[in-house]
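Following: one structure in structure tokens, then a few remarks.
Everything numeric in this text was worked out from a predicted model, so none of it was measured. Just so we're on the same page: letters track the sequence lines, and every chain starts at 1.
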Number of protein chains: 2
Amino acid sequence: MESVTGPRLASGLRISVMRLSRRMRQAPSSSLSPTQIATLATLERLGPMTLGELAAQERVQPPSMTRVIMHLDDLGLVTRSPHKTDGRQVIASVTPAGRELLESDRRRRDEWLAERLVELEPDEIAVLERAAVILDKIANS
Amino acid sequence: MESVTGPRLASGLRISVMRLSRRMRQAPSSSLSPTQIATLATLERLGPMTLGELAAQERVQPPSMTRVIMHLDDLGLVTRSPHKTDGRQVIASVTPAGRELLESDRRRRDEWLAERLVELEPDEIAVLERAAVILDKIANS
DNA sequence: TATTGTTATACTCTATAACTATA
DNA sequence: TATAGTTATAGAGTATAACAATA
């Protein structure tokens with residue numbers, strides 16, 4: 001059984017999750033790109049770090065991170081400061097404005113999804129309540 | 001209840017879905033872009049349809065779908081055929097090569113997820129089976 | 001010499017606007 | 001006139017290669 005059910009579910013679930021995530025990313029939010037938002041969120045979550053570390057975290061190449069940070073800096077969402085001992089390195093940090101943007105962005109995305117959830121039947125809600133926990137378990141495994 | 005449960009589920013579900021999708025995107029796959037793969041999968045799942053219908057399904061603009069289908073056609077993964085009664089419309093269909101690619105692609109990309117699914121209890125699998133359908137419904141709403 | 005980050009350049013993906021063919 | 005699809009063109013995002021500054 002597992003040899004049949006496992007792969008089929010994996011395929012269907014993967015497509016559904018990817019499709020929904022694509023849709024949620026399209027939902028009205030800030031005007032930042034996924035990488036820009038993710039970079040900002042990573043900086044908030046893990047604290048100030050060098051551009052090289054950030055690039056590795058977000059799995060983009062260094063030149064791409066240079067541009068992302070340049071853009072976020074232009075918008076006042078991050079600051080760039082020199083490394084204390086190594087003059088080659090640059091440390092990026094989230095500004096208060098950056099934190100505010102992250103917060104309001106999260107609020108808006110939640111609203112978009114919440115609007116759709118109220119259209120569902122109670123038993124569908126129950127399924128998603130349980131699914132959210134399971135998906136999280138999978139993502140963290 | 002709904003006024004509390006709705007938003008909480010929205011937030012939890014959004015985070016879980018986005019986190020899982022980020023993990024899955026890092027898995028190795030074919031050289032097709034997300035939209036190209038999704039389009040091919042949609043054609044296989046729903047059967048032959050016009051480019052306009054496909055564009056609506058994948059939520060891209062018609063010119064983008066024209067290019068996606070042109071590319072898939074060049075690769076021999078889909079065919080384009082004239083509509084029986086309406087000379088303006090074009091019907092796209094998956095070729096056997098397209099099905100093969102989907103199959104091998106899924107096999108590779110689903111490995112990561114499938115490995116984690118077999119760790120789950122049968123009732124958790126059942127929840128995800130249902131959740132996949134509901135997530136899809138939300139994504140298409 | 002090696003490393004960190006930047007600049008120059010090109011490619012992919014997607015969009016809007018203008019166009020062609022058909023209804 | 002309206003609709004389906006295509007072509008022309010532009011913009012965003014990311015990559016590789018070459019370069020500058022520092023270790």
Which nucleotide in the set [options] lies at the smallest distance from any side-chain heavy atom of [X]?
X        : options                   : value
Arg88(A) : dA15(D), dA2(C), dA15(C)  : dA2(C)
Arg67(B) : dC13(C), dT14(D), dT22(D) : dC13(C)
Gln89(A) : dT7(D), dG5(D), dG5(C)    : dG5(C)
Arg80(A) : dT6(D), dT6(C), dA23(C)   : dT6(C)
Thr50(A) : dG5(C), dG5(D), dA23(C)   : dG5(C)

Taking only side-chain N and O atoms of [X], does any of them lie within less than 4.0 angstrom of OP1 or OP2 on [N]?
X        : N       : result
Thr66(B) : dT6(D)  : yes
Ser64(A) : dA15(D) : yes
Gln61(A) : dT16(D) : yes
Thr35(A) : dG13(D) : no

Taking any heavy-atom pair under 4.0 Å as a contact, classify Ser33(A): base, sugar-phosphate, or nothing.
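Sugar-phosphate: the residue Ser33(A), judged by heavy atoms under 4.0 Å, touches backbone atoms but no base.
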Determine whether the side chains of Glu58(A) and Thr35(A) contain a donor N or O and an acceptor N or O closer than 3.5 Å.
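Checked: Glu58(A)/Thr35(A) side chains show no N/O donor-acceptor pair below 3.5 Å.
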Which pair of non-hydrogen atoms, one from Leu9(B) and one from Ala132(A), has the smallest distance, and what is that distance?
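Smallest heavy-atom distance, with atoms named: CD1-CB, 4.5 Å.
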Given Val78(A), Ile91(A), Leu43(A), the one that forms side chain to side chain contact (heavy atoms under 4.5 Å, CB included) with Pro48(A):
Ile91(A)
